[in-house]
Protein chains: 4
Amino acid sequence: MEFQVDVASRVPIYRQLRSQIRQAVARARLQPGEQLPSVRELSSRLVVNPNTIARVYTELEREGVLNTRPGLGVFVAELKNDTTKKSRQQRFQQLLDEFLTEAVHLGLSDDDVLESVAKGVKKFAWQTQ
Amino acid sequence: MEFQVDVASRVPIYRQLRSQIRQAVARARLQPGEQLPSVRELSSRLVVNPNTIARVYTELEREGVLNTRPGLGVFVAELKNDTTKKSRQQRFQQLLDEFLTEAVHLGLSDDDVLESVAKGVKKFAWQTQ
Amino acid sequence: MEFQVDVASRVPIYRQLRSQIRQAVARARLQPGEQLPSVRELSSRLVVNPNTIARVYTELEREGVLNTRPGLGVFVAELKNDTTKKSRQQRFQQLLDEFLTEAVHLGLSDDDVLESVAKGVKKFAWQTQ
Amino acid sequence: MEFQVDVASRVPIYRQLRSQIRQAVARARLQPGEQLPSVRELSSRLVVNPNTIARVYTELEREGVLNTRPGLGVFVAELKNDTTKKSRQQRFQQLLDEFLTEAVHLGLSDDDVLESVAKGVKKFAWQTQ
DNA sequence: GTGGTCTAGACCACC
DNA sequence: GTGGTCTAGACCACT
């Protein structure tokens, strides 16, 4: 996996990395069980403070995206959902509203959005239910 | 318009309010030309410092969502886009990727997403092009 | 970099500082990537409230002139233009009209203006296109 | 003379009008001795508070651009410069620096600027010295 | 009445 | 250490 940090961005480095990993998992570029680079390696590769990398891994573990096996390394977890269906639906509705709000402000049409979503959806790895 | 702030949230108050107003405009609940509550009124209604409200209005003005006329009040602006098409498309692609990433992590299926977007799209006020 | 504020001026402090930084960048006295003084340092050096300095940096970031990296500091950004060519031309025409209007009222001749512009232009760092 | 106020603009109405009149004089669309509309007439034509119009005329009189002849009306003054040459040069240098700074940030080239100035200069009414 | 600016000082997030 | 957010309260500019 290639990771990139944009130091010029307003988004904190740890957030950039966190979302890149989340997105790689969602796109199945990182498969469950796959090992991630060590804190030390990624830190030197990206020229980023090791504490920052450690923070990313810790947060993603808390979110259930990664598993740390002490002495072995950090691995992609199986996708799972421990929160209730209701709270997940609420969260999704909120994300959808924010997404559509920005689309309107960017001057897109509803057809643009529907088309882009239909196209984008194919590149992600949806759970078989 | 009803506005709400959750002081317990980790999201800064000014951002909560900003999104609410952006969303109200995108949904046409706030119409171009319509006046918003004064800084002082909203500040006392929400029990939030006037500076914080003023900041929200200032930022939204800079984003082209509101117009403020000192001495008169704050009003909803006409929608317009000064940024280049290319940078808007880039921004939209980024938003779409983040949106779909979270949808995967929330355990939704592609059909869920397509359906929800198709439904959600109808409640927003798309620019006629 | 030397910065100066005139508290007696009717021009708000944050605007004085903002123009000075914009001009330093345009004259290449501040180079892309170069670090600016910290909010606290500049605030104590100029005897101005830290919030006021922070505001200057925040606005210039939004204008694309600076990049701030929380925890690291504030840096000069690469020059870039996100706005459409049309809106930039309109803006320039407006600036030109205002500039020439004032020149007439100051009693200059057209030759004075052309000569001064030709001379002044050399001291600025124009983008190579 | 046609005057226009843009209520959506961030620029205060009295400043918009003031610069329009200054520009009209500089372009010789308003000639010395020519009468301006009365406060009352302009106020009702532009749907602007009479106090605001009165303020514009008062300021322009103080700047030497207009003359009020009580009972008769407001007239365009002869162009004159009471400030010292040195202070006028300083002021012009400052305007020029600001103008060129913005031109750089708008992404223009030095040739663009020189060409536009050469073209723009022809439309203004320079004093014969 | 409206919003805009500035100060003082607190607390948090990031690296 | 860095910047970001928020409060409290003062004073000014605009209509």
Side-chain angles (χ1 to χ4, degrees), chain A residues 5 7 9-17 43 46-56 59, chain B residues 5 7 9-18 35-43 46-59 61 66-75, chain C residues 5 7 9-18 35-43 46-59 61 66-75, chain D residues 5 7 9-17 43 46-56 59:
Chain A
V5 293
V7 289
S9 162
R10 292 223 62 216
V11 182
I13 292 173
Y14 88 96
R15 271 177 192 269
Q16 293 182 39
L17 274 175
S43 134
L46 299 176
V47 196
V48 161
N49 192 305
N51 289 332
T52 305
I53 308 289
R55 175 175 185 178
V56 173
E59 290 206 1
Chain B
V5 293
V7 287
S9 162
R10 284 139 40 274
V11 181
I13 294 173
Y14 87 95
R15 272 179 191 272
Q16 294 180 38
L17 269 175
R18 193 179 60 170
Q35 185 165 12
L36 278 89
S38 79
V39 170
R40 287 158 173 80
E41 190 207 324
L42 195 52
S43 135
L46 299 176
V47 195
V48 161
N49 189 289
N51 281 336
T52 305
I53 308 290
R55 176 175 185 179
V56 174
Y57 285 173
T58 307
E59 292 209 357
E61 164 138 45
L66 302 180
N67 287 139
T68 118
R69 288 132 84 179
L72 286 180
V74 177
F75 303 81
Chain C
V5 293
V7 288
S9 161
R10 283 137 42 273
V11 180
I13 293 174
Y14 86 96
R15 273 180 191 272
Q16 294 180 38
L17 269 175
R18 192 178 62 169
Q35 183 164 12
L36 278 90
S38 80
V39 169
R40 287 158 174 82
E41 190 207 323
L42 195 52
S43 135
L46 299 177
V47 196
V48 161
N49 190 289
N51 282 337
T52 305
I53 308 290
R55 175 174 187 179
V56 174
Y57 285 173
T58 307
E59 293 209 357
E61 163 138 45
L66 303 180
N67 287 139
T68 118
R69 290 131 85 179
L72 286 180
V74 178
F75 303 81
Chain D
V5 293
V7 289
S9 162
R10 293 226 60 214
V11 181
I13 293 174
Y14 87 95
R15 271 178 193 269
Q16 293 181 39
L17 273 176
S43 134
L46 299 176
V47 194
V48 160
N49 192 306
N51 289 333
T52 305
I53 308 289
R55 176 175 182 176
V56 174
E59 290 206 1

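Because the structure is a prediction, the values reported are computed rather than measured. Throughout, a chain's letter reflects where its sequence line sits, starting with A, and its residues are numbered from 1.
- C:L36 has its CG atom 10 Å from the P atom of F:dG3, to the nearest Å.
- Between B:E41 atom CD and E:dG1 atom C1' the separation is 13 Å, expressed in whole Å.
- Contact check for B:N67 versus B:E61: side-chain heavy atoms found under the 4.5 Å cut-off.
- In this structure, D:V56 and D:Y14 approach most closely via the heavy-atom pair CG2-O, 3.5 Å.
- Distance CD1/A:I13 to CG/C:L72: 6.5 Å, rounded to 0.5 Å.
- Between B:E59 atom CD and C:T58 atom OG1 the span is 8.5 Å, to the nearest 0.5 Å.
- Comparing E:dT7, E:dC14, F:dT15 against the side chain of A:P12 picks out E:dC14 as the nearest.
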Listed pairs, N/O of protein and of nucleotides 10-12 of chain E, under 3.5 Å:
none

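- Taking atom CG of B:N49 as the reference point, atom C1' of F:dT7 lies 5 Å away to the nearest angstrom.
- For the pair B:R10 CZ and E:dA13 P, the interatomic distance rounds to 9 Å; values are reported in whole Å.
- C:Y57 has its side chain within reach of C:P37: a pair of non-hydrogen atoms, C-beta onward, lies under 4.5 Å apart.
- Between B:L17 atom CG and F:dC6 atom P the separation is 9 Å, expressed in whole Å.
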- Nucleotide-level pairing of DNA chain E, given in dot-bracket where Watson-Crick and G-U pairs need both distances under 3.5 Å and | marks other strands: ||||||||||||||.
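- Note: CD (C:E59) to C1' (F:dG4) measures 15 Å, nearest angstrom.
- Here the nucleotide nearest the side chain of C:T68, chosen from F:dT15, E:dG3, F:dG4, is F:dG4.
- With rounding to the nearest 0.5 angstrom, the CG atom of C:L17 is 6.0 Å from the CG atom of C:L46.
- Nearest-nucleotide assignment on DNA chain E puts the 5′-proximal partner with B:G71, out of B:G71 and C:Y14.
- Summarising the geometry, atom CZ belonging to C:R15 is positioned 8.0 Å from atom CZ belonging to C:R55; distances are rounded to the nearest 0.5 Å.
- Remark: C1' of F:dG4 and CZ of B:R15 are 10 Å apart, rounded to the nearest angstrom.
- In the set F:dC6, E:dG3, F:dG3, E:dG3 carries the atom at the smallest distance from any side-chain atom of B:V39.
- Distances from the side chain of C:S38 to the nucleotides E:dT5, F:dG4, F:dG3 place F:dG3 closest.
- Using a 4.0 Å heavy-atom distance criterion, A:V48 is classed as making no nucleic acid contact.
- Listed nucleotides: F:dG3, E:dT5, E:dG4. Nearest to the side chain of C:R55: E:dT5.
- Rounded to whole angstrom, the span from the CG atom of C:N67 across to the P atom of F:dT2 amounts to 18 Å.
- Comparing B:P37 and C:L72 against DNA chain E, the residue whose closest nucleotide sits nearer the 5' end is B:P37.
- The CD1 atom of C:I53 lies 10.5 Å from the CD atom of C:E41; values are rounded to the nearest 0.5 Å.
- Applying the 4.0 Å criterion to OP1 and OP2 of F:dC14, one finds that D:T52 has every side-chain N and O outside that range.
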